[in-house]
**Student:** 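Quick one: the structure is below, and I'll ask about it shortly.
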There are 2 protein chains.
Amino acid sequence: MLNRMVEQQPATLDAVFHALSDATRRSMLRELSEGERSIGALAAPFSMSFAGASKHVKVLERAGLVRRRVVGRTHYCRLEAAGLAEAQGWLSYYERFWNRRLDVLEALLRAEDEHAEAGDEK
Amino acid sequence: MLNRMVEQQPATLDAVFHALSDATRRSMLRELSEGERSIGALAAPFSMSFAGASKHVKVLERAGLVRRRVVGRTHYCRLEAAGLAEAQGWLSYYERFWNRRLDVLEALLRAEDEHAEAGDEK
DNA sequence: AAAATAGTCAACCTGATGGTTTAATATTTC
DNA sequence: GAAATATTAAACCATCAGGTTGACTATTTT
């Protein structure tokens, strides 16, 4: 079950990471994390045309990060975070590498502290 | 200290996510997770020109995911996972969203199990 | 019915991407 | 020193990305 989530779906991972590689889209996701937003509402903070925002939303949809609900003339978008989990799954493989570095850093700091506690602080 | 890692550095995040949006580059990172590799060694599995691989490595370097050590005519690359930690830091904000979903799924499965255990399995 | 609103679509522009090939540079080997 | 090796650089190509504008569709308001 977890497997299904971490599983490699190259096309999808491409789409997810590509979607995340743009600061405007990342901001839109942040906004959507607070609740549903219309396309117009998503466009507003960027003084960007509706058409521009529409394109960004489509990129997010293609990546499976956003879903759309049409009510009358308004399109409401909401966050679909499962795709982000896929990205995290991929990244988690590498955790050990930076954890290792953090371990070293931690050890260094601890050593420093112990040194200080030992009474040689000036 | 953790803060410094999770901190938003838009330009860098752009570069990191962009670097990850290509399957070839993700494979290269996987390869580098096993140890240092020359540009040629990185190119080999993809039947791609040296020049092509060289470009990919430059993208990874720009994103801070790879570092290079030149020994004679050979350029050795190694993984620099700190940049990946930045990406994970960004994603971690959204964890609660998919965790929430997993909780629901888990609850559903548990409910199913209990139902089964209750003796009504046929 | 007319006007305003929310959004898409298509065309267009500029600049980046991913790939190639050919030439050039630096190093190593013969 | 000549030949082979490892790599970059530069030019080129096709395609994609991010953005705009203008025209169109569908809904809502007046």
Side-chain angles (χ1 to χ4, degrees), chain A residues 10-32 35-79 83 87, chain B residues 10-32 35-79 83 87:
Chain A
T12 304
L13 267 185
D14 279 15
V16 170
F17 281 128
H18 169 246
L20 296 181
S21 73
D22 182 274
T24 301
R25 283 191 293 266
R26 287 197 304 274
S27 291
M28 287 178 165
L29 290 178
R30 241 347 121 128
E31 188 66 23
L32 289 173
E36 280 194 342
R37 295 285 186 276
S38 69
I39 306 280
L42 287 174
F46 304 104
S47 62
M48 168 186 287
S49 66
F50 271 56
S54 176
K55 277 189 177 185
H56 279 301
V57 169
K58 249 180 287 183
V59 171
L60 292 168
E61 275 183 307
R62 243 183 281 138
L65 300 180
V66 156
R67 260 155 65 165
R68 183 189 307 237
R69 179 172 67 93
V70 180
V71 177
R73 65 188 167 184
T74 306
H75 296 211
Y76 293 101
C77 301
R78 72 173 154 69
L79 186 62
Chain B
T12 303
L13 267 184
D14 279 15
V16 168
F17 282 126
H18 169 247
L20 296 181
S21 73
D22 182 273
T24 301
R25 284 191 292 265
R26 287 198 304 275
S27 291
M28 287 179 165
L29 289 177
R30 251 328 131 126
E31 187 67 25
L32 289 173
E36 281 193 340
R37 295 286 186 275
S38 69
I39 306 280
L42 286 174
F46 303 105
S47 61
M48 167 187 289
S49 66
F50 272 54
S54 176
K55 278 187 176 186
H56 280 301
V57 169
K58 249 180 286 182
V59 172
L60 292 168
E61 275 183 307
R62 244 184 280 138
L65 300 178
V66 155
R67 260 156 65 165
R68 184 189 303 239
R69 180 172 67 93
V70 180
V71 176
R73 65 188 166 184
T74 306
H75 296 209
Y76 292 101
C77 300
R78 71 174 154 71
L79 185 62

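The figures here come from the full heavy-atom set of this structure, side chains too, leaving out hydrogens, waters and symmetry mates. Letters A, B, ... are given to chains in the order of the sequence lines, protein chains preceding strands, and every chain is numbered from 1.
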**Student:** Specify the closest pair of heavy atoms between Leu42(A) and Met28(A), including all atoms of both residues, with the distance to one decimal.
**Tutor:**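 Scanning both residues completely, I find the closest heavy atoms to be O-CE, 3.9 Å.
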
**Student:** Mind checking Ala53(B) for me? I need base, sugar-phosphate or nothing, with any heavy atom below 4.0 Å counting as a touch.
**Tutor:** nothing

**Student:** Name the one of Leu65(B), Leu60(B), Val57(B) that satisfies side chain to side chain contact (heavy atoms under 4.5 Å, CB included) with Cys77(B)?
**Tutor:** Val57(B)

**Student:** Please report the interatomic distance CG(Leu29(A)) to OG1(Thr24(A)), rounded to the nearest 0.5 Å.
**Tutor:**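 Leu29(A) CG to Thr24(A) OG1: 11.0 Å, rounded to 0.5 Å.
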
**Student:** Considering only dT17(C), dA9(D), dT7(D), which nucleotide approaches the side chain of His75(B) most closely?
**Tutor:** dT7(D)

**Student:** Between Lys55(B) and Ile39(B), just flag the one whose closest nucleotide in DNA chain D comes earlier from the 5' side.
**Tutor:** Ile39(B)

**Student:** What is the distance from NE2 of His18(B) to C1' of dG18(D), rounded to the nearest Å?
**Tutor:** 13 Å

**Student:** For dT29(D), take OP1 and OP2 only and decide whether either is under 4.0 Å from a side-chain N or O of Arg73(A).
**Tutor:**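 No, no such contact exists.
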
**Student:** Counting the atoms with a prime plus P, OP1 and OP2 as sugar-phosphate, which does Gly72(A) contact under 4.0 Å by heavy atoms, base, sugar-phosphate, or nothing?
**Tutor:**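 Here Gly72(A) touches the backbone only, sparing every base.
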
**Student:** Ignoring backbone atoms, test whether Arg68(B) places a side-chain nitrogen or oxygen under 4.0 Å from the OP1 or OP2 oxygen of dT7(D).
**Tutor:** no

**Student:** If each of Val71(A) and Ser21(A) is mapped to the nucleotide of DNA chain D with the nearest heavy atom, which maps nearer the 5' terminus, i.e. the 5' end?
**Tutor:**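 Whichever sits nearer the 5' end wins; that is Ser21(A).
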
**Student:** Counting any heavy atom closer than 4.0 Å, what does Gly40(A) reach on the DNA or RNA strands: base, sugar-phosphate only, or nothing?
**Tutor:**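 Counting heavy atoms under 4.0 Å across all strands, the contact made by Gly40(A) is with sugar-phosphate only.
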
**Student:** How many whole angstroms separate atom CG of Leu42(A) from atom P of dG19(D)?
**Tutor:**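 Rounding to the nearest Å, CG of Leu42(A) and P of dG19(D) are 14 Å apart.
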
**Student:** Can you check the Phe50(B) CZ to dA9(D) C1' distance for me, whole Å?
**Tutor:**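 Taking atom C1' of dA9(D) as the reference, CZ of Phe50(B) is at 16 Å.
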
**Student:** Taking only N and O in the side chain of Lys58(A), is any of them less than 4.0 Å away from OP1 or OP2 of dC9(C)?
**Tutor:** yes

**Student:** So, Arg67(A) and Glu61(A), do they make that salt bridge, N to O below 4.0 Å?
**Tutor:**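 Not counted as a salt bridge, because no side-chain N and carboxylate O are separated by less than 4.0 Å.
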
**Student:** Check the distance between dT7(D)'s C1' and Tyr76(B)'s OH and give it to me in whole angstrom.
**Tutor:** 13 Å

**Student:** Taking 4.0 Å as the cut-off, does a side-chain nitrogen or oxygen of Ser49(B) come that near to OP1 or OP2 on dT20(C)?
**Tutor:** yes

**Student:** Can you tell me how far C1' of dT8(D) sits from NE2 of His56(B), to the nearest Å?
**Tutor:**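 Rounding to the nearest Å, NE2 of His56(B) and C1' of dT8(D) are 16 Å apart.
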
**Student:** dA17(D) P sits how many Å from Leu20(A) CG, rounded?
**Tutor:**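 In whole Å, dA17(D) P and Leu20(A) CG are 14 Å from each other.
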
**Student:** Closer than 3.5 angstrom, by distance alone: can the side chain of Arg26(B) be matched with the main-chain N or O of Leu20(B) as a donor-acceptor pair?
**Tutor:** yes

**Student:** Can you see if the side chain of Ser54(A) gets near the phosphate of dG7(C) - specifically, an N or O under 4.0 Å from OP1 or OP2?
**Tutor:**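 Looking at the OP1 and OP2 atoms of dG7(C), neither is under 4.0 Å from any side-chain N or O of Ser54(A).
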
